[in-house]
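Take a look at the structure set out below.
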Amino acid sequence: MARKSRAKILKDIAPEGKMSCGYLSIPLGDKEEVTVLAGEYGRISVEDGDDIEQNSIGNQQKITLHYLEEHSDIKLVDTYYDNGYTGMNYDRPGFIRMLGDLKSGRINCVIVKDISRLGRHFVLTSEFVERTFPEMGVRLICINDSYDSADEKADASALTMPLKMVMNDYYVKDISNKIRSSISAKMSGGEFIPSAGSIPYGYIRNAEFATFDIDPEPAEVVRKIYKLRAGGESFNAIARILNENNIPSPGKLRLIRGITKAKKYENAIWIRGTIRKICSDQVYIGNRIHGKVKRDKVGLEKKRRSEDEWQVIENAHPAIISMQLYEEVQQVNQEELQRRGKFEQRAACGDDYRDLFRGMVFCAECQSSMSAAKGCARPDAKTPSRIFYDCNGYRYSAHAQCSSHYVRQETLLKAVTDTLNQQVQVAVDVEQFVSRLKSMPKVVFYQSEAESHYASVSAKRKNMESKIEQLLIDLTQRIIDRSEYDYMKRQYAREYEALLQEETKTLSDIRAKDAVLGATEKWLDAIKRYQKIPSIDRALLNLLVARIEVSKDREIKIILNYADPYQPIMEFLERIEVIRDVS
């Protein structure tokens, strides 16, 4: 009778998703056993066109399982799938999770149906196949391409892979162009409408007739906005009026109606930018506009287009406001721009630290980010203009929420510098402490014991795998009956699960010291670099500082990535019960 592969037997008997531990090599005496721990990756998207059934996730699974039945040396640890994601980039949750497991050592092999499942972008896919995976020591198997990077003859197969990648790249671009052409034709004929979440405020989607219908209550708000603007009210003033009257903003209205569930809209209010956008949008006179933002071709980022590139479909849906009122508002907008153009050029800024602090400063009360603004000195002033930060929640709500939290950039820099200087003083003692830690007898003994225990547990786990395999063989050869098999299967499964948990814990014990020392030494290197450079740069700031918070009393709180460098070391010592030896 043919012997079943271990991978197939483990799938039948072992607990799902817990078939093997991801340690790459296990010391056993004078030899080292290398285990192939594989992850199956599958992907499908609209770009697969007519081949969607052939490339289905289920079909990819069948191909992989059939392959594993013939390769008993490969153990399937986990599966990773991306359903509905393009192959033209690698921003996919399943792939990102797999990459994390490759980096951690949980798996060291990737199995795909063919190279197109990994990706269709020629340059990016080639980077993974020819550089990233080899540098990580990762084995790549493309079943239908007959490619296995561990095969000595892999180079012969690899010669055809770049061509296949180019063909895959071309294929998805061709499909994308066809889709884009179809959508463009529908836009020109006024038949294309976006999803419900993208419909302009004041309208609702009418899919049956491919048009917008007027949404009565929001439409009345739009009319009010246009009348206020035509009367000379500023965008900020209009936003304040709407907020004072508790009129839901567009985002909050979508949340109330269940169109979106994003919590960020719970406290959304009217802001200047929303009013300005409404007051210049042709949609409210019945025109539908396409192509404000689009990409030149597949794989590139979307870019905002100039007005002469827009595709305007006139009289595509009912108008909310009259052409006369729309033109009056555009005149007000234009006059305001002309007034701004006549403002005198103010004095230039001195030092500018905006790039240094960009995205790192936050309001301590409402947690909004704090953006930099320029306080302009008079044209003939002897002092330069100043750069300061204030709360975006306060700024963009037309001062209806939170408070200013005004703070100068120089004040922020001094607070950060003082905090890092304190860290420099601590670093000297920490470095000496780390040096002592490495040579502590009980730390060395603990590490040795952990490695020995891991080897023992790993051997027991492998022995249990053999028992599980033999159990199924005994059943198929009728050495034992079904009831005996079921009973022993449950017993073995419990023992196997316990061994897996113990093996994982022991592996964590082995890596604990390196993890602690690695993080601490990274911090020490950053501090040493800080001492050598003339001024703080952004890379160093990102490494040492998590965020900066400013309270309404203008108190500055620097939140460090390594707030207490002693803490992880002390936790490690407590873990191995040698804390009493530290003095």
Side-chain angles (χ1 to χ4, degrees), residues 96 99-105 131-132 135-136 351-364 367 369-372 387 389 407-440 443-444 447 508-551 554-576 578-579 582:
I96 291 170
L99 198 60
D101 285 350
L102 287 170
K103 291 178 180 178
S104 70
R131 181 177 177 181
T132 305
E135 288 180 355
M136 294 173 68
D351 294 328
D352 189 342
Y353 305 125
R354 281 177 286 189
D355 288 338
L356 180 64
F357 292 120
R358 196 179 308 279
M360 296 197 73
V361 188
F362 296 87
C363 169
Q367 298 302 308
S369 60
M370 294 180 63
S371 298
I387 294 174
Y389 290 77
V407 61
R408 295 276 290 271
Q409 65 169 1
E410 294 82 4
T411 307
L412 288 176
L413 184 63
K414 184 177 186 306
V416 170
T417 303
D418 290 346
T419 301
L420 295 186
N421 286 340
Q422 293 172 12
Q423 293 266 291
V424 169
Q425 297 174 12
V426 173
V428 177
D429 294 333
V430 172
E431 189 169 24
Q432 295 175 354
F433 192 76
V434 168
S435 180
R436 288 177 55 203
L437 177 70
K438 292 178 180 179
S439 58
M440 282 183 182
V443 173
V444 175
Q447 193 74 13
S508 176
D509 291 341
I510 291 173
R511 296 175 175 175
K513 186 188 77 171
D514 290 339
V516 169
L517 294 183
T520 305
E521 288 173 344
K522 184 178 180 181
W523 171 77
L524 286 170
D525 289 343
I527 291 297
K528 289 177 182 178
R529 180 184 161 198
Y530 167 68
Q531 289 179 280
K532 293 178 182 178
I533 60 178
S535 61
I536 303 172
D537 59 27
R538 180 57 189 242
L540 184 63
L541 193 65
N542 284 337
L543 185 61
L544 294 173
V545 178
R547 61 192 274 139
I548 303 167
E549 292 186 354
V550 182
S551 71
R554 300 183 185 178
E555 179 181 345
I556 300 171
K557 181 180 181 181
I558 311 296
I559 302 173
L560 300 169
N561 287 321
Y562 304 90
D564 182 0
Y566 283 103
Q567 182 181 351
I569 300 175
M570 300 306 287
E571 288 176 351
F572 170 71
L573 292 176
E574 288 175 355
R575 178 175 182 171
I576 66 172
V578 296
I579 190 69
V582 181

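Because the structure is predicted, anything quoted here is derived from the model rather than measured.
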Smallest heavy-atom separation, I536 atom then Y530 atom, equals CG1-CE1, 3.7 Å
In short, V550 meets M370 closest at the heavy-atom pair CB-SD, 3.8 Å
dist S371:OG -> R358:CZ (nearest 0.5 Å) comes out at 9.0 Å
Distance col, row I527:CD1 vs Q425:CD, nearest 0.5 angstrom, shows 11.0 Å
Side-chain touch N542/N561, heavy atoms, less than 4.5 angstrom:
no
Practice task
Decide yes or no for R554 and V407: does some side-chain heavy atom of the first lie under 4.5 Å from some side-chain heavy atom of the second?
Solution key: no
Rounded to the nearest 0.5 angstrom, the OH-CD distance for Y389 and Q409 is 6.0 Å
The reported gap from CG in D525 to CD in E431 (rounded to nearest 0.5 angstrom) is 8.5 Å
Quick one, L541 and M360 - any side-chain contact, counting heavy atoms below 4.5 Å? yes
Original post:
Do the non-hydrogen side-chain atoms of L544 and T419 ever get within less than 4.5 Å of each other?
Top reply: no
Scanning both residues in full, the closest heavy-atom pair of L524 with A427 reads CD2-O, 3.6 Å
Report task. Flag the pair I558 / V545 as yes when at least one side-chain heavy-atom distance between them is below 4.5 Å, and no otherwise. Result -> yes
inquiry  = Evaluate I548 against F362 for side-chain contact (heavy atoms from CB on, under 4.5 Å), listing each step before the verdict.
reply    = CA-CA 6 Å; I548 303 167; F362 296 87; over 6 Å; no
Inset, instruction - Please assess R408 against K414 for the test side-chain contact (heavy atoms from CB on, under 4.5 Å), listing each intermediate value before the final yes or no. - result: CA-CA 10 Å; R408 295 276 290 271; K414 184 177 186 306; over 6 Å; no
Minimal heavy-atom distance between A364 and S551, with the atoms involved, is CB-CA, 3.8 Å
Discussion item. Are L356 and L412 packed together at the side-chain level, in the sense that at least one heavy-atom pair is separated by less than 4.5 angstrom?
Written reply: no
Problem set entry | Audit row: L102, M136, side-chain contact (heavy atoms from CB on, under 4.5 Å) steps and yes/no | CA-CA 8 Å; L102 287 170; M136 294 173 68; 3.7 Å; yes
**Report entry** Side-chain heavy atoms of E549 within contact of E555, under 4.5 Å
**Finding:** no
Donor-acceptor contact below 3.5 Å, side chain R354 vs main chain A372: no
Rounded to the nearest 0.5 Å, the CG atom of N421 sits from the CD atom of Q531 at a distance of 9.0 Å
Less than 4.5 Å apart, any side-chain heavy atom of I387 and any of Y353?
no
Interatomic distance, OG1@T417 vs CD@E410, rounded to 0.5 Å, equals 11.5 Å
